[in-house]
2 protein chains.
Amino acid sequence: MTDIFTIGDAARESGVKVPTIRYYEEIGLLPPPPRTEGGRRAYGAEDLRRLAFIRHARELGFEIEAIRTLLQLQDDPAQPCAAADAIARDHLVTVERRIASLTALRAELQRMVEGCSHGHVATCRVIEILADHGACVHHAGGRA
Amino acid sequence: MTDIFTIGDAARESGVKVPTIRYYEEIGLLPPPPRTEGGRRAYGAEDLRRLAFIRHARELGFEIEAIRTLLQLQDDPAQPCAAADAIARDHLVTVERRIASLTALRAELQRMVEGCSHGHVATCRVIEILADHGACVHHAGGRA
DNA sequence: CTTGCTCCTCTAGTCGCTAGAGGAAGTAGG
DNA sequence: CCTACTTCCTCTAGCGACTAGAGGAGCAAG
């Protein structure tokens with residue numbers, strides 16, 4: 001129950017790399033754990049849970065600052081969850097926009113590679129479309 | 001025909017910001033233009049075309065190194081366009097992976113916000129799913 | 001006791017910009 | 001011609017979220 005874990009164990013368990021764990025500690029996302037006599041970090045089960053939470057949230061594309069807020073919410077379960085809900089909703093909107101933008105982009109790239117004459121650059125559709133924004137369907141921009 | 005443009009003109013024409021143009025020069029994506037007596041950059045029409053090419057390619061999500069290669073290809077229209085085709089194809093694959101990953105993520109986020117009880121954090125679906133990767137449908141990872 | 005792994009701290013680099021300081025040059029109006 | 005304003009110049013530092021490497025210490029197995 002009160003097992004302790006080295007930073008390497010924690011990395012293996014959580015899937016977060018060792019330097020990244022230290023980085024999370026540095027920016028205050030993960031509390032500094034106690035140290036062994038030799039000065040090594042000694043994590044407990046709670047730290048592993050927190051790391052897993054962070055990792056999962058990062059996988060889902062949440063920014064560090066959003067995760068910081070979510071972790072604070074998690075630490076106080078009596079709070080109303082409106083804030084967490086808002087963060088998730090916000091992120092959902094971002095993700096939807098990103099999908100729309102990438103889908104338009106995919107169409108453009110498909111047009112490019114399908115139109116490629118496999119000849120010389122002078123007649124290459126890829127280069128041509130890149131050179132001439134007018135020939136492009138994309139237009140509906142947004143970060144990819 | 002042989003109009004000259006200040007860096008500000010170039011920025012307005014191309015939609016690339018002034019410091020970004022200087023940055024592109026610094027990293028060798030845009031050739032250093034001649035200068036006026038007063039030491040200001042004096043661009044020509046060809047530079048504007050190059051900038052538009054870069055901007056469009058960036059909008060489409062190509063990395064700087066890919067654009068560097070594409071520009072070299074464009075500079076020599078006699079070359080076979082296989083390389084340009086390969087870059088576009090590669091990028092298409094990346095984009096498709098990203099779309100797939102984001103689509104899975106969207107489903108996950110929708111599940112989160114729909115399941116939110118709008119009560120307290122203790123019963124919040126958002127927090128719960130983030131804390132427990134097992135409760136997650138996502139799994140098929142990849143960078144968002 | 002030595003080999004080899006993991007751990008420690010620290011600094012610097014990645015990518016593609018963006019922001020700001022501090023100063024010179026160009027332009028429009030009086 | 002003088003002033004005010006804008007644009008330009010160079011330079012350095014910062015962003016987010018890590019990643020890489022140097023140089024050294026601890027620790028477990030053979």
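Note on naming: letters A, B, ... go to the chains in the order of the sequence lines (proteins, then strands), and numbering restarts at 1 for each one.
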Figure out the [atom1]/[atom2] separation between [X] and [N], and round it to whole Å.
| X | N | atom1 | atom2 | answer |
| --- | --- | --- | --- | --- |
| B:E65 | C:dT14 | CD | C1' | 12 Å |
| B:I4 | D:dC8 | CD1 | P | 12 Å |
| B:I27 | C:dG16 | CD1 | P | 8 Å |
| A:I67 | D:dC18 | CD1 | C1' | 13 Å |
| A:I54 | D:dC18 | CD1 | P | 10 Å |
| B:R35 | D:dC8 | CZ | C1' | 10 Å |
| A:F5 | C:dT6 | CZ | P | 18 Å |
| B:E37 | D:dC8 | CD | P | 18 Å |

I'd like to know if [X] pairs up with [Y] as an ion pair, taking the criterion as any Lys NZ or Arg NE/NH1/NH2 lying under 4.0 Å from an Asp or Glu carboxylate oxygen.
| X | Y | answer |
| --- | --- | --- |
| B:R55 | B:E59 | yes |
| B:R22 | B:E26 | no |
| A:R41 | A:D47 | no |

Phosphate OP1/OP2 of [N] contacted by [X] side-chain N/O (<4.0 Å):
| X | N | result |
| --- | --- | --- |
| B:R58 | C:dC17 | yes |
| A:Y23 | D:dG16 | no |
| B:T6 | D:dC8 | yes |
| B:Y24 | C:dC17 | yes |
| A:K17 | D:dC18 | no |
| B:R41 | D:dC9 | yes |
| B:R55 | C:dC17 | no |

task = Using only heavy-atom distances, decide whether a donor-acceptor pair under 3.5 angstrom links the side-chain of A:R40 to the base of C:dT6.
result = yes

| query | Under the 3.5 angstrom rule, does the side chain of A:S101 hit a backbone N or O of A:R97 as a donor-acceptor pair? | reply | no

Of A:I7 and A:E26, the one whose closest nucleotide on DNA chain C sits nearer the 5' end is A:I7

(message) If you count heavy atoms of other groups shown closer than 6.0 angstrom to CD of A:E63, is the number above 12?
(response) no

